[in-house]
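One structure is given below, encoded as structure tokens.
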There are 2 protein chains.
Amino acid sequence: MSLRHAILVLLQDQEASGYDLAREFANSIGLVWNATHQQIYLELGKLSEQDMVRYRHVPQEGKPDKKLYSLTDAGRAELVRWLKKPAGPARIRDAFMVKVAGGALADTQVLLSELDTLAKQRRERLATFEALAQRLDESGRDENVYNYLTVRRGILDQRAWLQWAEEVRHSLEHRSADSTAS
Amino acid sequence: MSLRHAILVLLQDQEASGYDLAREFANSIGLVWNATHQQIYLELGKLSEQDMVRYRHVPQEGKPDKKLYSLTDAGRAELVRWLKKPAGPARIRDAFMVKVAGGALADTQVLLSELDTLAKQRRERLATFEALAQRLDESGRDENVYNYLTVRRGILDQRAWLQWAEEVRHSLEHRSADSTAS
DNA sequence: AAGTGCTGCGCAATCCGTTGTATACGCACT
DNA sequence: AGTGCGTATACAACGGATTGCGCAGCACTT
């Protein structure tokens, strides 16, 4: 249960609305921890009840009003406390990998086309991250170490996945050629 | 909601007890989809109510009795059906990565020691997977494609993570040397 | 003799997360 | 004029997942 801590981390740098956070969870941090907007608004509600964050109402023109949240001292303290104790193991739910494992019963063509779709997404992300890494590298290095390392993780992860995808394509195309021939 | 499908995939090859499945979820498949024994037993219960799996009671000596589950035709049909429709995006919850992102507030030494612990686990897994890959490679290649690809994913993933860990160590040790000196 | 760990199954409570629905306005496209 | 998209927040219902607890016997260590 540390969606709350992920939110606190994001609010550490800058104040943000629930909507802003949702976007960040869809991009950068999303590779590491995902959450939908409903979860985020709910958690922000709890956090502000517990005085870990505060918000100020910001009226806008042409757009709905928003609430900009920021950390309180209690929130920062909670974050520091959490950072000290060991993190639990990472958890993943990768349905596509489950499919590959059960591939013997699957239609190879279906798997291949899904692989393509996913590979495309990964390539896009990779490009985004590489651009981001370069920007971070140029403007101040040491100040952004933690952001930089996070982005690097994203890059290495995408590359590893894409390399694996190549192997899969090779194996499956080989297979489908066999079965087409027979 | 496809813990059920992960279970069906595992039962595709061989009959297994809930306990066996739990072990597999802690090892091989665990990298891709995780589940605890309570979840597994619960899901096996539902699956057998819905006639997707059947079980036979196997008394044992010196050990508790067990139930060996296997797929029914309905279960196999459900699996095939599921394999056809596109998988949702992968979801992850990696608390350690959240910590790195929030590293500015963290104690560098704590992060480094946690990194070591995780790296050790990853190295062990990597060794296990590499051994497994070699065995699969030797005994029949094409029959085990899907297992082989799954294991390959594990290998590439561990390697990417370990490479990243090197970068992190480098950056953080540099940092801690700075702060010690100042 | 007591503690620890492995094999094996399971219930109950609670919490987390997903999905569906709702509201509200402006802008762009068709 | 209608449809869809982006900004912005939020509730309700359901189902999935975690945590805590419990039982039971054998093997091995301390």
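All chains are named by letter (A, B, ...) in the order of the sequence lines, taking the proteins before the strands, and each is independently numbered beginning at 1.
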From CD1 of B/I40 across to P of D/dG16 the rounded distance in Å is 15 Å

Is it the case that over 12 heavy atoms from other parts of the model lie below 6.0 angstrom from the CD atom of B/Q134? no

note: A/L3, atom CG; D/dT18, atom C1'; distance rounded to Å ~ 16 Å

Any donor-acceptor pair under 3.5 Å linking the side chain of B/T72 with the backbone of B/M52? yes

Taken to the nearest whole Å, CD/B/E61 to P/D/dA27 is 11 Å

In short, the helix from C/dA1-D/dT30 to C/dT30-D/dA1 is bent end to end, axes from five pairs each side, to 10°, by 30°

query = Does A/R4 make a side-chain N or O approach to OP1 or OP2 of C/dC16 shorter than 4.0 Å?
reply = no

A/H5 atom NE2 is separated from C/dC16 atom P, nearest whole Å, by 11 Å

- [ ] Would you please say whether a donor-acceptor pair under 3.5 Å links the side chains of A/D20 and A/S17?
- [x] yes

B/I29-B/Y19 co-clustered via ILVMFWY side chain contacts under 4.5 Å: no

* Do any side-chain nitrogens or oxygens of B/R93 fall under 4.0 Å of OP1 or OP2 in D/dA17? -> no

To the nearest angstrom, the CH2-C1' distance between A/W33 and C/dT18 comes to 16 Å

Taken to the nearest whole Å, CD/B/E43 to C1'/C/dC11 is 16 Å

**Request:** Treating Ile, Leu, Val, Met, Phe, Trp and Tyr as nodes and any side-chain heavy-atom pair under 4.5 angstrom as an edge, say whether B/F96 and A/L79 lie in one connected cluster.
**Result:** yes

In whole angstroms, the gap separating C1' of D/dG20 from CD of B/Q39 amounts to 15 Å

Hydrophobic cluster membership, A/Y55 vs A/I40, 4.5 Å side-chain cutoff
yes

- Task: Could you walk me through whether B/W164 and A/R152 pass side-chain contact (heavy atoms from CB on, under 4.5 Å), step by step?
- Result: CA-CA 7 Å; B/W164 174 76; A/R152 282 295 296 166; 4.2 Å; yes

Note: with side-chain heavy atoms under 4.5 Å as the link, the other cluster members for A/L68 come out as A/V58

Quick tally for nucleotides 6-12 of chain D: nucleotides whose base has a protein heavy atom under 4.0 Å get B, sugar-phosphate-only ones S, the rest -, giving SBBBBB-

- [ ] Decide yes or no for A/W82 and B/K99: does some side-chain heavy atom of the first lie under 4.5 Å from some side-chain heavy atom of the second?
- [x] yes

